[in-house]
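Reminder, nothing fancy here: chain letters follow the sequence lines and each chain counts from 1. What's counted below: heavy atoms across the whole structure, side chains too, no hydrogens, waters or symmetry copies.
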Amino acid sequence: MKRLLGVCTLAATLALAGCSQVAAVAPVGGNHLTEVRFATIDVLQQKGVALEEVPTCTRASDGAISCAGTTADGAAVTAVSPAADPDGFTVTVGSDTVFTGSVSAVIDQAAGVAP
Amino acid sequence: MTGLSRRQFLHATAVAAAASGLGFDFLAPQLARAATPSADIPSTLLQTIRQGSVLSGKYRTLTTGPGEPYLPRIDVLRRSPSPARTTARRSLLYLGHLSDLHVIEAQSPGRIEPMIVQAHSAWGSAFHPQDPLSPHATAAMVQAFSDARYSPLTGAPMSAAIVTGDSADMHSHLELRWYIDLMDGLSVDPATGGPEWQGVQAWSEATWAYRPGDPSGGDFGDYGFPRLPDLLAQAIAQPVKSVGLPAPWYAVYGNHDTLLLGTFDISPQLRALAVGARKSYTLDATASTALEGWAAGTSVLAQVLAALGLASGGPGFKDVTANPERYLFEQRDFMAEHFRTEPTPGPVGHGFTAHNLASGETWWQADLSPRIRAFGLDTCNAVAGPDGAVPESQMRWLRAQLEIAQRDQVLALIFSHHNSLTLENRATRPGVDEKLSGAEEFVAMLLEFPVVVGWLNGHTHLNQILAHTTATGGFWEITTASCIDFPQQQQVVEIVDNRDGTLSLFTTVLDHASPAVPGNSGSVADLAARSRELAANDWAETPLMRRGSPLDRNTELLLPAPFDLSVITDAQLEAQHVTERARILAYEKERGL
């Protein structure tokens, strides 16, 4: 890589000139999306949920993240992280909400950070 | 040996003895021993590195944690695998996967570190607190691959290694040489400017930087980065020795091997700066230098800097020792330099061939074994931007080659720098109309060929494994972390035949060979350990998420075998392993391992 995240706004501004070269100076996509995916899997692993399809995630135009997968016994797994609160996310398995909380807290805990 | 007859074994050993330069009498008993996995091969199966307690402010140390076992994933197979596979499996290929080494010559005046003053999170890759320790971390990573030269799963010898791009950080010829030499097992001398460190991390005026002699007065000091007055001197005190990779290694382009900082085209001003005797330590000086001659230029970097209002110029340079070896290389030089290499582990060119040099084509194929073929792509955009795409010329070529592989029942591995989340950059030069395919089209094409079992890549500096599926199968996309950002991990990948109509790709994450807690000896291992600790605290790089989830690290990735794998006979496989083990025995003997 790497990313030039903060150049995003700038690139968008310059892209108005119609220059495809400048428009390409955009961030490497996926940090929020990737963080939500990692945190979702961390939660499912901690809860011992066996998976057939490990959740994959997509980003809506407003920046919201949605993830979907399936458990080994066929139940749907979903996770959502709203654009308005990118550090918040909710994980459901079937009709049960199994986790609501902070993306960064889950990632920090998984990395071994002491509370 | 179970696959080879005695006569076949003796013949294979004689051939291996001739190829390796080892005596037949030495080699035969070594090769006759069955390959058994050793329980003490260092990897994250045995031990992980976790974030530890607070040292000062927000700065945390690292500590060790328990190892992580392989976790099976059935996204592609879509059924429970047979438990019997664990005793039936045989190794088809054991492969090292390195990526995003970002070898850095931190004293170079061709760097643009002060850009982090404009926006740290945006320009975080322009400056890392651990930059001076990059060659040490890389050498320690090579040591980790040496330590894991036999598979921790099956005991199979390492067949090959692939470096999926971003090897030289700032397009410096010195960085390019260092990377190749470290892979080859040569020493590199980081004292590029003389016996004293010359650079922003030694200059008190650069309060925005992590200055290990006195971190106070800037963001890094406020965060709690430690005072390490000997660190910079230790970083250049002695040549960095590398043990070298234990298997033939291959390489593809990354965006940093194509554009400046992986993103911008390279101006004449920057070329001059890189080999000059002035190094900037302020944002204004960096910007004004980059903008010199801007009015006549079309550089994307110049346009970006102009839009940021950084054209004012001003003082902000210090004298440094000029070094002509710091010149910024041309795109073709990246290939050409891979021909200046040691005969072992080879191969000369590291995937690139004379055809590449003559034609300018930056992609290649190579047979890693008689039934496993690698395709090394160049997904980098040579115009602008960090992300990539697949040009139509490579799409056509790859399709034709995959048709051959499908016909001939050869498993295919795809190597590229960019991953499926970062193939969307369609920047083109005016007047150039070659189609650039994004991830959707590229993945769809790969899915047409069941012989494609894996796509190994990097770019995003994190561990991530994605499944790409069809109604009946699919392939695995494996992204490895980098050697510069935390967790500074790479991986080994092993393809095994489960002898039940399924394949497994085992991924094993490697930490570089250094302690979790750095000492102050100045050794390569201690400096590499310090690099990892500093990286773990480089908040602008969101370090902790880059570890990935457990299902992105040590995994068993199952998929249906695309053809009857019994066409690969045990005898053929044993002959392959004899050759590979002989090569590693020669490597061990040469290095006294």
Should [X] and [Y] count as side-chain neighbours, where that means a heavy-atom distance under 4.5 Å?
X	Y	value
Phe38(A)	Gln464(B)	yes
Glu35(A)	Thr542(B)	yes
Arg37(A)	Asp552(B)	yes
Thr34(A)	Thr460(B)	no
Glu52(A)	Leu77(B)	no

Which atoms of [X] come close to chain A, meaning under 4.5 Å heavy atom to heavy atom: side chain ones, backbone ones, both, or neither?
X	result
Ile49(B)	neither
Asn463(B)	backbone
Leu71(B)	side chain
Arg78(B)	both

remark   = Sequence neighbours excluded, the answer for side-chain hydrogen bond (donor to acceptor under 3.5 Å, both in side chains) partners of Thr379(B) is His418(B)

Nearest 0.5 Å, please: how far is [atom2] in [Y] from [atom1] in [X]?
X	Y	atom1	atom2	answer
Leu544(B)	Ile107(A)	CG	CD1	8.0 Å
Arg73(B)	Glu53(A)	CZ	CD	10.5 Å
Leu33(A)	Leu421(B)	CG	CG	6.5 Å

inquiry  = Tell me which pairs pass ring-ring contact (aromatic ring centres under 6.0 Å, His included) where either residue lies in residues 65-105 of chain A, with sequence neighbours left out.
reply    = Phe89(A)-Phe99(A)

message = I'd like to verify something: which residue of Leu44(A), Val103(A), Thr40(A), Ile41(A) has the highest number of heavy-atom pairs under 4.5 Å with chain B?
response = Ile41(A)

message = If you count heavy atoms of other groups shown closer than 6.0 angstrom to CD of Gln46(A), is the number above 12?
response =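 More than 12 within 6.0 Å, yes.
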
inquiry  = What part of Leu51(A) gets within 4.5 angstrom of chain B, counting heavy atoms only: side chain, backbone, both, or neither?
reply    = both

ask   = What part of Gln45(A) is in contact with chain B, defined as an atom under 4.5 angstrom from a non-hydrogen atom: side chain, backbone, both or neither?
value =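 For Gln45(A), side-chain heavy atoms alone lie under 4.5 Å from chain B.
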
ask   = Sub-3.5 Å donor-acceptor pair from the side chain of Asp42(A) to the main-chain atoms of Ser549(B), do we have one?
value =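 Such a contact is absent between Asp42(A) side chain and Ser549(B) backbone.
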
